[in-house]
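Working notes, structure below.
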There are 2 protein chains.
Amino acid sequence: MSAVQQNLEAASARYSASFTQGSLALPPAKKYLVLTCMNARIDPAPAFGIELGDAHVIRNAGASAEDALRSIVISQQLLGTTEIVLVKHTGCGMLTFRNEGAYKIVEDKLGPPVVEELRQRKLDFLPFPDLEKAVEADVAFLRASKLVPDSVVISGWVYEVETGKTRRVV
Amino acid sequence: MSAVQQNLEAASARYSASFTQGSLALPPAKKYLVLTCMNARIDPAPAFGIELGDAHVIRNAGASAEDALRSIVISQQLLGTTEIVLVKHTGCGMLTFRNEGAYKIVEDKLGPPVVEELRQRKLDFLPFPDLEKAVEADVAFLRASKLVPDSVVISGWVYEVETGKTRRVV
């Protein structure tokens, strides 16, 4: 068993020993979803004030709205959420590369056949050069999408990994 | 400002007031990624023992490996993670519907043109009928993918929303 797996088992024993919230409902109690980045420096629950059972939390590289569309539609149409809080963050890895550079790194590490699979899957890494503009663009994308009803409340934010603060952009 | 947005601002003021971890590095310190569901009843940090800065956390509807592939490749190839911990959970919404049923719900709520957009985007909701088998299938998918190097350590788990316990499947 790896150190990571041992750590998970130990954490699970501790967490479940004092766990008292086993009867929460399936749909989020506060009917909203948070979309943020997978970045290791973000802990959404305390940073954004999410109590257990309150909100869906979707996370991917860069907090991409396009990449999250499947989960967003399921959250809204099948599980009744009506508000989206989108949070990107300072120091995001997605600010540091472009698709072609990333393809080159993958090709060097894993070989040309793998990049061929990337291209077949039309895998866009969805990097962005400007943080605030990316927040605005993703919120605009959601507002324009037919898959997101006009009644859904959408806001866009930036989390500062340096200060722990979250500030509103749009 | 919505109640959700007010709550976020208040949480951010509290969290940042005592925040002391503003100098963490961009890549995850423990070089692993956790892939789990967006479900509101999961708080990965305490449940799985993830300290701030240690691991990427990817979350989508159902903890789908296929849906997470872009983020997984970025995590491994550009940010150096070498281990995947995949955690699905009991009581998952993805166990409760099939694609055609979900399309019907979306069509009833948002109208036929929206379902047309779903079909154009080839949006598979990726539901699954059996929890343990879905964990095994997603781990097998990752092991078989050329995009995930053979050296990557992969384990599959189930989090029990009733007990707060996480148990290994594969």
Side-chain angles (χ1 to χ4, degrees), chain A residues 2 4-5 7-8 10-12 15-16 19 22 24 26 28 30 32 38 40-41 43 45-49 52-61 67 70-71 73-75 77-79 83 85 91 93 97 102 105-106 109-110 113-114 117 123 125 146-147 149 153 155 162-166, chain B residues 2 4-5 7-8 10-12 15-16 19 22 24 26 28 30 32 38 40-41 43 45-49 52-61 67 70-71 73-75 77-79 83 85 91 93 97 102 105-106 109-110 113-114 117 123 125 146-147 149 153 155 162-166:
Chain A
S2 75
V4 161
Q5 293 160 8
N7 175 65
L8 196 166
S12 174
Y15 185 71
S16 60
F19 187 75
L24 295 169
L26 170 56
K30 290 196 178 163
Y32 72 108
M38 69 179 179
R41 296 168 295 180
D43 188 359
F48 310 147
L52 201 68
D54 276 0
H56 283 142
V57 181
I58 303 169
R59 301 182 66 174
N60 63 41
D67 188 65
R70 180 187 70 96
S71 297
V73 171
I74 290 171
S75 174
Q77 299 309 317
L78 304 181
L79 293 162
E83 179 160 357
V85 171
F97 65 88
I105 291 171
V106 174
K109 288 187 167 182
L110 301 180
V114 171
E117 185 167 336
L123 199 72
F125 286 117
K146 285 199 211 91
L147 296 174
V153 176
S155 56
E162 302 82 5
T163 65
K165 203 171 288 182
T166 307
Chain B
S2 75
V4 161
Q5 292 159 9
N7 174 66
L8 195 167
S12 174
Y15 185 70
S16 60
F19 186 75
L24 294 169
L26 170 55
K30 291 196 177 162
Y32 73 107
M38 69 179 179
R41 295 168 296 181
D43 188 359
F48 310 147
L52 201 67
D54 276 359
H56 283 141
V57 181
I58 303 169
R59 301 182 65 174
N60 63 41
D67 188 67
R70 180 187 70 94
S71 297
V73 171
I74 290 170
S75 174
Q77 299 309 316
L78 303 180
L79 293 162
E83 180 160 357
V85 171
F97 66 87
I105 291 171
V106 174
K109 287 187 168 182
L110 301 180
V114 171
E117 185 167 335
L123 201 70
F125 287 116
K146 285 198 212 90
L147 295 174
V153 176
S155 55
E162 302 83 4
T163 65
K165 203 170 291 183
T166 308

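By convention in this document, chain letters (A, B, ...) are assigned in the order of the sequence lines, proteins followed by strands, and residues within each chain are numbered from 1.
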Exercise for review: Would you mind reporting whether Asn7(A) and Tyr32(B) have side-chain heavy atoms less than 4.5 Å apart?
Suggested key: yes
Taking [options] one by one, which has the highest count of heavy-atom pairs under 4.5 Å against chain B?
options	value
Lys146(A), Glu162(A), Arg70(A)	Arg70(A)
Pro28(A), Ser75(A), Ala55(A), Pro113(A)	Ala55(A)
Ser12(A), Ala10(A), Gly93(A), Gly49(A)	Ser12(A)

Where does [X] contact chain B at under 4.5 Å (heavy atoms): side chain, backbone, both or neither?
X	value
Phe125(A)	both
Asp43(A)	both
Thr166(A)	both
Val57(A)	both
Ala45(A)	side chain

Counting heavy-atom pairs closer than 4.5 Å to chain A, which one of [options] comes out on top?
options	answer
Leu24(B), Ile105(B), Leu52(B), Val114(B)	Leu52(B)
Pro149(B), Ala11(B), Ala102(B), Ala61(B)	Ala61(B)
Gly91(B), Gly164(B), Gly22(B), Ser155(B)	Gly164(B)

Let me know if [X] has heavy atoms under 4.5 Å from chain A in its side chain, its backbone, both or neither.
X	value
Leu110(B)	side chain
Val85(B)	side chain
Asn60(B)	both
Glu83(B)	side chain

Exercise for review: Over all heavy atoms of both residues, which pair between Ile74(A) and Met38(B) is shortest? Give the atoms and the distance, please.
Suggested key: CG2-CE, 4.0 Å
Exercise for review: Look only at the side chain of Ser16(A) and the backbone of Lys165(B), and say whether a donor-acceptor pair between them is shorter than 3.5 Å.
Suggested key: no
Check your understanding: Can you check whether Gln77(A)'s main-chain N or O pairs, donor with acceptor, with Lys109(B)'s side chain at less than 3.5 Å?
Key -> yes
Review point. Who are the side chain to side chain donor-acceptor pair (under 3.5 Å) partners of Arg41(B), not counting sequence neighbours?
Key: Asn39(B)
